[in-house]
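Below is one structure; the comments refer to it alone.
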Amino acid sequence: MFASVMLVMSCFITACSDDDSPSENKIISSTYDSLKPIGFGENTTGGNNQKVIVVTTASQLQSAVSGTNQATVYVQGNISLDSMLLVGSNKSIIGLQGATISNLNRSEKAGIFLLKGSRNVIIRNLTLKGPGAYDIDANYSDNICLVGAKNVWVDHCDIQDGIDGNFDIVEGSDSICVSWTRFHYLIEPMAGGSGGSDDHRNCNLIGNSNNTADIDEGHLNCTFICCWWGEGCSERCPRVRFGKVHVVNCLYDGDNYKYCIGYGVYSNIYVEKCAFVSEKAKQNALKDYRNSKDFNIKVVDCLGIDDVELSQGNYKQFIPTYDYKTFDAEKVESILKKDDYGAGATLKISRP
């Protein structure tokens with residue numbers, strides 16, 4: 001499926017093509033990084049280098065990402081939010097080197113990006129900081145929340161300390177690719193929230209109810225490739241209902257997992273060449289949330305856990321047929337932890 005030796009190359013940043021990046025910007029990347037959306041999100045084009053703007057404040061950012069016209073928005077410096085931003089359609093939001101967006105409210109005003117009904121959005125090379133986990137059941141108060149959104153690519157982001165979750169995909173969202181992104185929690189969780197959990201470091205929820213087949217069935221299809229669920233992550237890495245979800249070449253090295261991957265009602269999951277390297281990850285790799293409903297999950301060629309195929313019902317196990325590259329699970333940890341091109345906001349992008 002891919003080259004057997006690791007090379008380092010100089011290449012243009014792309015967002016489906018080279019359109020979303022200034023031509024003078026080059027990065028160092030491994031040959032394993034396709035620098036484009038893969039799998040279910042492969043048709044995402046974002047702003048396509050239209051209406052290019054550099055923003056440095058929260059008000060500028062909200063204005064730039066609103067509406068449905070194409071826009072390519074570069075984020076510079078550190079932006080602090082007072083409330084969640086609504087992201088429209090046909091947008092690329094790209095962090096210049098070191099760019100950070102934070103919302104440190106442990107309240108109903110938490111959250112960073114809400115894509116509600118949005119189409120064709122790219123989010124790249126940003127560090128997104130929440131206030132730390134606090135189970136208050138606030139609506140959509142994740143660092144990124146997709147609600148009925150379609151064709152979204154999140155790439156090379158560092159997503160940390162979401163109050164309700166780091167990145168949730170719900171209510172019929174579809175055609176999603178998450179690549180080379182790091183998820184972790186650095187702030188201790190706060191107890192006493194109305195949701196009832198004292199440790200809600202629950203990272204990625206795909207489908208938020210067992211009773212939403214009318215909007216979720218046939219949707220919630222996601223590709224997670226070269227992602228890193230690490231320090232502090234407790235659950236939902238990811239936890240899936242309804243969707244076809246491909247988890248490939250991902251890393252689990254934290255010491256706090258109650259479980260890593262949860263398979264729920266009508267989920268169809270293919271876990272391929274991932275590395276479960278910590279003892280907690282090996283012991284708690286999978287969690288059964290199917291509630292006697294149909295499901296499929298297949299684990300193949302992973303490090304730290306055995307191959308397994310579990311299913312109930314008559315529909316077939318999802319096996320990806322789209323084009324993608326992989327590398328052996330034994331290489332996942334070293335590749336994804338590279339400072340200069342690994343998972344996280346590691347792209348070296350300068351002002352256009």
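Throughout, numbering of the chain's residues begins at 1 and tracks the sequence.
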Check which hydrophobic residues are tied to Tyr259 through side-chain heavy-atom contacts below 4.5 Å, counting indirect links as well, and list them.
->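 Result for Tyr259 is Tyr289.
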Under 4.5 Å between any side-chain heavy atoms of His156 and Thr346, yes or no?
-> yes
So do the side chains of His246 and Glu272 get within less than 4.5 Å of each other, counting heavy atoms only?
->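 Yes; the side chains approach each other to less than 4.5 Å.
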Side-chain heavy atoms under 4.5 angstrom apart, residues restricted to Ile, Leu, Val, Met, Phe, Trp, Tyr: same cluster for [X] and [Y]?
{"X": "Val178", "Y": "Leu35", "answer": "no"}
{"X": "Val247", "Y": "Leu336", "answer": "no"}
{"X": "Val170", "Y": "Val245", "answer": "no"}
{"X": "Ile112", "Y": "Val73", "answer": "yes"}
{"X": "Ile163", "Y": "Leu126", "answer": "no"}

Sorted by first residue and then second, give each side-chain hydrogen bond (donor to acceptor under 3.5 Å, both in side chains) pair with at least one member in residues 167-177; sequence neighbours left out.
->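 Listed once each, the pairs are Tyr140-Glu171, Asp174-His219, Asp174-Asn221.
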For Phe113, which residues count as a ring-ring contact (aromatic ring centres under 6.0 Å, His included) partner, sequence neighbours excluded?
->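 In terms of ring-ring contact (aromatic ring centres under 6.0 Å, His included), with neighbours along the sequence ignored, Phe113 is linked to no residue.
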In chain order, what residues pass the ring-ring contact (aromatic ring centres under 6.0 Å, His included) check against Phe224, with sequence neighbours excluded?
->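 In terms of ring-ring contact (aromatic ring centres under 6.0 Å, His included), with neighbours along the sequence ignored, Phe224 is linked to Trp229.
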Just by distance, do the side chain of [X] and the backbone of [Y] share a donor-acceptor pair under 3.5 Å?
{"X": "Ser102", "Y": "Leu104", "result": "no"}
{"X": "Ser118", "Y": "Val87", "result": "yes"}
{"X": "Asn291", "Y": "Lys293", "result": "no"}
{"X": "Thr212", "Y": "Ile215", "result": "no"}
{"X": "Ser63", "Y": "Leu61", "result": "no"}
{"X": "Asn202", "Y": "Arg236", "result": "no"}
{"X": "Thr44", "Y": "Gly41", "result": "yes"}
{"X": "Gln312", "Y": "Ser292", "result": "yes"}
{"X": "Asp288", "Y": "Arg290", "result": "yes"}
{"X": "Asp216", "Y": "Phe242", "result": "no"}

From [X] [atom1] over to [Y] [atom2], what is the distance, rounded to the nearest 0.5 angstrom?
{"X": "Tyr74", "Y": "Leu96", "atom1": "OH", "atom2": "CG", "result": "7.5 Å"}
{"X": "Asn78", "Y": "Thr100", "atom1": "CG", "atom2": "OG1", "result": "4.5 Å"}
{"X": "Ile305", "Y": "Lys282", "atom1": "CD1", "atom2": "NZ", "result": "11.0 Å"}
{"X": "Leu347", "Y": "Ile94", "atom1": "CG", "atom2": "CD1", "result": "9.5 Å"}
{"X": "Ser179", "Y": "Asp33", "atom1": "OG", "atom2": "CG", "result": "7.0 Å"}
{"X": "Arg201", "Y": "Asn256", "atom1": "CZ", "atom2": "CG", "result": "4.0 Å"}

Decide, yes or no, whether a salt bridge links Asp340 with Lys338 under the criterion of side-chain N to carboxylate O below 4.0 Å.
->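 Between Lys338 and Asp340 there is no salt bridge, as every charged N stays at least 4.0 Å from the carboxylate O atoms.
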Considering only NZ, NE, NH1 and NH2 on the basic side and carboxylate oxygens on the acidic side, decide whether Asp155 and Arg124 come within less than 4.0 Å.
-> yes
Asp307, CG atom: more than 12 neighbouring heavy atoms under 6.0 Å |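 Yes, the 6.0 Å shell around CG holds more than 12 heavy atoms from other groups.
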Count the heavy atoms belonging to other residues, nucleotides or ligands that lie under 6.0 Å from CG of Asp323, then report whether that count exceeds 12.
->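 No.
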Sort out for me which residue in Ile206, Asp142, Val154, Leu205 forms a side-chain contact (heavy atoms from CB on, under 4.5 Å) with Phe167.
-> Val154
What's the verdict on side chain to side chain donor-acceptor pair (under 3.5 Å) for Thr223 and Tyr322, showing C-alpha distance, side-chain angles and the deciding distance?
-> CA-CA 11 Å; Thr223 301; Tyr322 45 71; 2.9 Å; yes
Shortest non-hydrogen contact from Cys226 to Ala343?
->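 Nearest pair, atom of Cys226 first, then Ala343: O-CB, 3.9 Å.
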Between [X] and [Y]: side-chain donor-acceptor atoms closer than 3.5 Å:
{"X": "Gln317", "Y": "Asn268", "value": "yes"}
{"X": "Asn90", "Y": "Asn120", "value": "yes"}
{"X": "His184", "Y": "Asn166", "value": "no"}

ring-ring contact (aromatic ring centres under 6.0 Å, His included) with Tyr32: of Phe327, Tyr324, Trp180, only one passes, and it is Phe327
Criterion ring pair (Phe, Tyr, Trp, His ring centres under 6.0 Å) on Phe318 and Phe40, from CA distance to verdict | CA-CA 13 Å; Phe318 157 64; Phe40 286 115; 5.6 Å; yes
Applying salt bridge (charged side-chain N to carboxylate O under 4.0 Å, His left out), which residue pairs with at least one partner in residues 241-264 are found, sequence neighbours left out?
-> Glu235-Lys258, Asp253-Lys337
Assess whether side chain to side chain contact (heavy atoms under 4.5 Å, CB included) is satisfied between Tyr315 and Asn296, documenting all intermediate values.
-> CA-CA 8 Å; Tyr315 64 107; Asn296 290 295; 3.3 Å; yes
Partner set under salt bridge (Lys or Arg N to Asp or Glu O under 4.0 Å) for Glu217, not counting sequence neighbours = none
